[in-house]
Amino acid sequence: MDEGVVFAAGVQAWQRSLGSVHEVVRQELVTRQLHAHLGDAPLRVLDAGCGQGTQAIRLARRGHHVLGVDVSEELLEAAAASAAAEPPEVAARLELRRGDLLDLGAALAGGFDLVCCHGVAMYLPSLAAVIAALVTAARPGGLVSILTRNRASLAMRAGMAADWPAALAAFDARRYTNRLGLEEVRADEPAEVRAAFTGAGASILAWYGVRLFIDHWPGQPPPPDLAALVDAEEQAGRRDPYRAVAALTHTLARTAAPG
């Protein structure tokens, strides 16, 4: 299944959201949480569902060689434009390609030290199939980073916004309509994500929450105290019970090493 079939209707809304506090905080937290597990050595990275290239470009700036894959030509064009504005040595470490993460091909199997998939899994029918594809693309002993929608956050967001009928309905929901207006988007429990990695033969390194305190805010630009807000969100994402009800779950796992 091509995830572009589901996501295509939301591309323009997604691009409009990129400067909002929700997306600024999301991108910064994913960067901090991911880079805490990376050393200084350059890595071969696959960003599956790279979108406009935010994380791919940040990784290239740090010296990593990144292949960004996405189904949206429009988002790949935006990523290419952003990459072109980078110093030549950064742009040279970034390759962009159209493709479906569930059809990456045998040529990419086992080829990457780090495989990222941030905010795509919820548009595909099977969490297990997504994680299996990511684990297959990573080399033995490689790192996989995935961002999923947290099922527990559906009722939390509605409740914090004082939408009581929506909160009551969300307690038992597994699907929701997101801010892009896309319907039937899937939400997964953090434990389900970890179990899917275990089933694919990978071991969990860490898991974090992403965006707790501001998830119910309406779309708006970042506030003047953004730095303090991100610091508070980062701490919430590392601690129980806060991370368990954050909007998104960031899970990092390592594939089985040789022998």
Stepwise side chain to side chain contact (heavy atoms under 4.5 Å, CB included) check, Glu73 with Arg98: CA-CA 7 Å; Glu73 292 284 4; Arg98 190 183 187 281; 3.1 Å; yes
Check against side chain to side chain contact (heavy atoms under 4.5 Å, CB included), Val185 and Leu180: CA-CA 10 Å; Val185 179; Leu180 306 181; over 6 Å; no
Worked verdict on Leu229 versus Ile214 for side chain to side chain contact (heavy atoms under 4.5 Å, CB included): CA-CA 9 Å; Leu229 186 163; Ile214 64 166; 3.8 Å; yes
Residues Asp215, Arg26; criterion salt bridge (charged side-chain N to carboxylate O under 4.0 Å, His left out); working and verdict: CA-CA 10 Å; Asp215 192 51; Arg26 182 184 97 138; over 6 Å; no
Side chain to side chain contact (heavy atoms under 4.5 Å, CB included) between Arg93 and Val66, intermediate numbers included: CA-CA 6 Å; Arg93 291 193 289 267; Val66 185; over 6 Å; no
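Taken to the nearest 0.5 Å, the CZ atom of Arg194 stands 10.0 Å off from the CD atom of Glu189.
Taking 4.5 Å as the limit, some side-chain heavy atom of Arg157 sits within range of a side-chain heavy atom of Arg211. With contacts defined as side-chain heavy-atom distances shorter than 4.5 Å, the pair Arg58/Gln27 qualifies. Within the 4.5 Å cutoff, no side-chain heavy atoms of Val210 are placed close to those of Glu233. Inter-residue side-chain proximity for Leu67 and Cys50 is flagged as unmet; no heavy-atom pair is nearer than 4.5 Å. For the pair Leu226/Val25, a side-chain contact is recorded, criterion being any heavy-atom separation below 4.5 Å from C-beta on. Using a 4.5 Å cut-off on side-chain heavy atoms (C-beta onward), Leu29 and His250 make no contact. At least one side-chain heavy atom of Leu127 sits less than 4.5 Å from a side-chain heavy atom of Thr148. Within the 4.5 Å cutoff, the side chain of Val130 has no heavy atoms near those of the Val120 side chain.
When all heavy atoms of Leu248 and Arg149 are compared, the pair lying nearest together is CD2-CA, 3.9 Å. Minimum heavy-atom separation, Glu28 to Val230: CG-CG1, 3.6 Å. Here the shortest heavy-atom pairing between Val69 and Asp100 reads CG1-N, 4.5 Å. Of all heavy-atom pairs spanning Leu154 and Ala173, the tightest one is CD1-O, 4.1 Å. In terms of heavy atoms, Phe213 sits closest to Ala232 at CE1-O, 3.6 Å. The two residues Gly159 and Ala167 have their closest heavy-atom pair at N-CB, 3.9 Å.
No continuous path of ILVMFWY side-chain contacts below 4.5 Å connects Leu76 to Leu101, so the two sit in separate hydrophobic clusters.
With sequence neighbours left out, Arg239 forms a side-chain hydrogen bond (donor to acceptor under 3.5 Å, both in side chains) with Gln235. His22 is linked by a side-chain hydrogen bond (donor to acceptor under 3.5 Å, both in side chains) to Arg179, counting only residues two or more places apart in sequence or in another chain.
Leu143 pairs in a side-chain contact (heavy atoms from CB on, under 4.5 Å) with only one of the listed residues (Asp113, Leu252, Thr255), which is Leu252.
Donor-acceptor pairing under 3.5 Å is lacking for the side chains of Glu74 and Ser72.
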